[in-house]
Amino acid sequence: MYQIIKFIKAVIRRFRNIFSTFYWKIYLKKLDRNSKIYLGTQISFPDKVEIGSNSLIEFNSVFSSELPTGKLTIGNNVKINSNVFLDFTGGLEIDDDVVISKDTYIITHSHGYDPRSLPMPKPLKIGKNVWVGAKVIICENVSLIGENSIIAAGAVVTKNVEANTIVGGNPAKMLKIK
């Protein structure tokens, strides 16, 4: 009996995820073939979001912009794990073959010292083949995460990350050159 219930739950979950992907395909500017967006994902200004092929957005991720001018571009073969918060107010470009692990925050704007002021957009580009570990915070000062780099779990990134490097810590520092 337990196996039957488990099977039924899996079928229902799969159907809900297929429906979620279909729903977002209608509203997003672009959602290429074989990409999936799982249930619970929230996207503000979906007409400013482009997602390449074979990408996966897992449960309960939030893609948010405080301005309608923000743009989010996600490349091919990108995996964004559950509970990830992506702010694309300043513009966010995620290149191909990137993995963003669970509970990560990426911010692309600032309000300076007045939380009631208008957002000051700051663009960010994440290069090819980057791995962002779990619970990483990428602050608004960062404009580039170089290709083939790794950001260790729990890191707070306050400066640009060079290509082919591993960074970690709070604030993030270079740990190793690949």
Side-chain angles (χ1 to χ4, degrees), residues 9-109 119 121-138 140 142-151 153 157 160-165 178:
K9 282 184 176 181
V11 169
I12 291 170
R13 189 177 318 116
R14 183 166 168 87
F15 176 74
R16 290 169 60 188
N17 289 332
I18 290 169
F19 177 77
S20 179
T21 300
F22 178 74
Y23 172 84
W24 285 115
K25 190 167 186 74
I26 294 169
Y27 292 102
L28 294 178
K29 182 173 184 180
K30 175 181 152 191
L31 182 63
D32 265 357
R33 62 185 167 73
N34 297 327
S35 288
K36 297 175 184 148
I37 301 176
Y38 285 176
L39 194 67
T41 299
Q42 300 173 32
I43 303 173
S44 63
F45 303 107
D47 59 323
K48 304 288 185 177
V49 176
E50 299 179 24
I51 300 175
S53 61
N54 301 311
S55 292
L56 173 63
I57 315 300
E58 288 202 0
F59 302 96
N60 302 322
S61 292
V62 176
F63 301 167
S64 175
S65 177
E66 289 191 20
L67 298 172
T69 55
K71 183 178 177 188
L72 173 61
T73 305
I74 298 174
N76 302 322
N77 305 309
V78 172
K79 182 175 183 186
I80 298 176
N81 280 283
S82 59
N83 303 316
V84 169
F85 179 83
L86 298 181
D87 164 48
F88 62 96
T89 303
L92 177 57
E93 182 181 343
I94 301 172
D95 220 329
D96 299 340
D97 303 308
V98 171
V99 175
I100 299 177
S101 299
K102 190 175 182 163
D103 299 318
T104 294
Y105 279 74
I106 299 176
I107 310 298
T108 64
H109 78 280
K122 299 182 179 189
L124 171 62
K125 178 177 175 25
I126 299 177
K128 289 183 180 182
N129 198 34
V130 170
W131 178 17
V132 179
K135 298 189 180 205
V136 167
I137 299 172
I138 299 177
E140 74 280 352
V142 180
S143 61
L144 178 67
I145 305 292
E147 62 184 38
N148 302 312
S149 59
I150 298 172
I151 302 174
V157 182
N160 289 351
V161 175
E162 294 183 31
N164 304 305
T165 59
K178 285 172 68 179

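For the single chain, residues carry numbers from 1 onward in sequence order. Predicted model only: the values in this text are computed from it and were never measured.
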So which heavy atom on [X] is nearest to which on [Y], and how close?
X      : Y      : answer
Pro121 : Leu67  : CG-CD1, 3.9 Å
Ser35  : Ile51  : OG-CG2, 4.1 Å
Val130 : Glu147 : CG2-CA, 4.1 Å
Ser55  : Gly75  : OG-O, 2.9 Å
Ala134 : Ser101 : N-CB, 3.3 Å
Pro119 : Glu66  : CG-OE1, 3.6 Å

field: Glu93 atom CD: more than 12 heavy-atom contacts under 6.0 Å
entry: yes
message: So for atom NZ, which belongs to Lys135, do other residues, nucleotides or ligands contribute more than 12 heavy atoms lying within a distance under 6.0 Å?
response: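 Open.
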Beyond-backbone contact of [X] with [Y], side-chain heavy atoms, under 4.5 angstrom:
X      : Y      : result
Asn77  : Asp96  : no
Arg33  : Asn54  : yes
Ile138 : Val157 : yes
Ile106 : Ile94  : no
Asn81  : Val99  : yes
Ile57  : Ile43  : no
Ile145 : Leu124 : yes
Phe63  : Leu28  : no

field: Which residues share a ring-ring contact (aromatic ring centres under 6.0 Å, His included) with Phe59, sequence neighbours left out
entry: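 Once residues adjacent in sequence are excluded, the partners of Phe59 under the ring-ring contact (aromatic ring centres under 6.0 Å, His included) criterion are Tyr38.
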message: Once ring-ring contact (aromatic ring centres under 6.0 Å, His included) is applied, do any residues pair with Phe22, and if so which ones, sequence neighbours excluded?
response: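 Phe22 satisfies ring-ring contact (aromatic ring centres under 6.0 Å, His included) with no other residue.
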Would a distance-only check, ignoring hydrogens and angles, find a side-chain to backbone donor-acceptor pair under 3.5 Å from [X] to [Y]?
X     : Y     : value
Thr21 : Lys36 : no
Ser64 : Asp87 : no
Ser82 : Asn60 : no

To the nearest 0.5 angstrom, please state how far the [atom1] atom of [X] sits from the [atom2] atom of [Y].
X      : Y      : atom1 : atom2 : result
Asn34  : Leu31  : CG    : CG    : 10.0 Å
Leu92  : His109 : CG    : NE2   : 13.0 Å
Lys48  : Lys30  : NZ    : NZ    : 16.0 Å
Asn164 : Ser149 : CG    : OG    : 8.0 Å
Ile18  : Leu39  : CD1   : CG    : 12.0 Å

message: Consider side chain to side chain contact (heavy atoms under 4.5 Å, CB included). Of Ile137, Ile80, Val136, which one does Thr104 pass it with?
response: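 Testing each of Ile137, Ile80, Val136 against Thr104, the sole residue satisfying side chain to side chain contact (heavy atoms under 4.5 Å, CB included) is Val136.
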Contact list for residues 68-105, test ring-ring contact (aromatic ring centres under 6.0 Å, His included), sequence neighbours left out: Phe85-Tyr105
query: Taking 4.0 angstrom as the limit, do Glu50 and Lys71 come out as a salt bridge?
result: yes
message: Does Val84 form a side chain to side chain contact (heavy atoms under 4.5 Å, CB included) with Ser61? I'd like the steps, not just the answer.
response: CA-CA 5 Å; Val84 169; Ser61 292; 3.9 Å; yes
Working for side chain to side chain donor-acceptor pair (under 3.5 Å), residues Asn129 and Asn148: CA-CA 5 Å; Asn129 198 34; Asn148 302 312; 2.9 Å; yes
- prompt: For Glu58 and Lys79, what are the C-alpha separation, side-chain angles and deciding distance, and is it a salt bridge (Lys or Arg N to Asp or Glu O under 4.0 Å)?
  reply: CA-CA 8 Å; Glu58 288 202 0; Lys79 182 175 183 186; 3.5 Å; yes
message: Tell me whether the rings of Tyr27 and Tyr23 are parallel (<30°), tilted (30 to 60°) or perpendicular (>60°).
response: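 Plane angle between 30° and 60°, so tilted.
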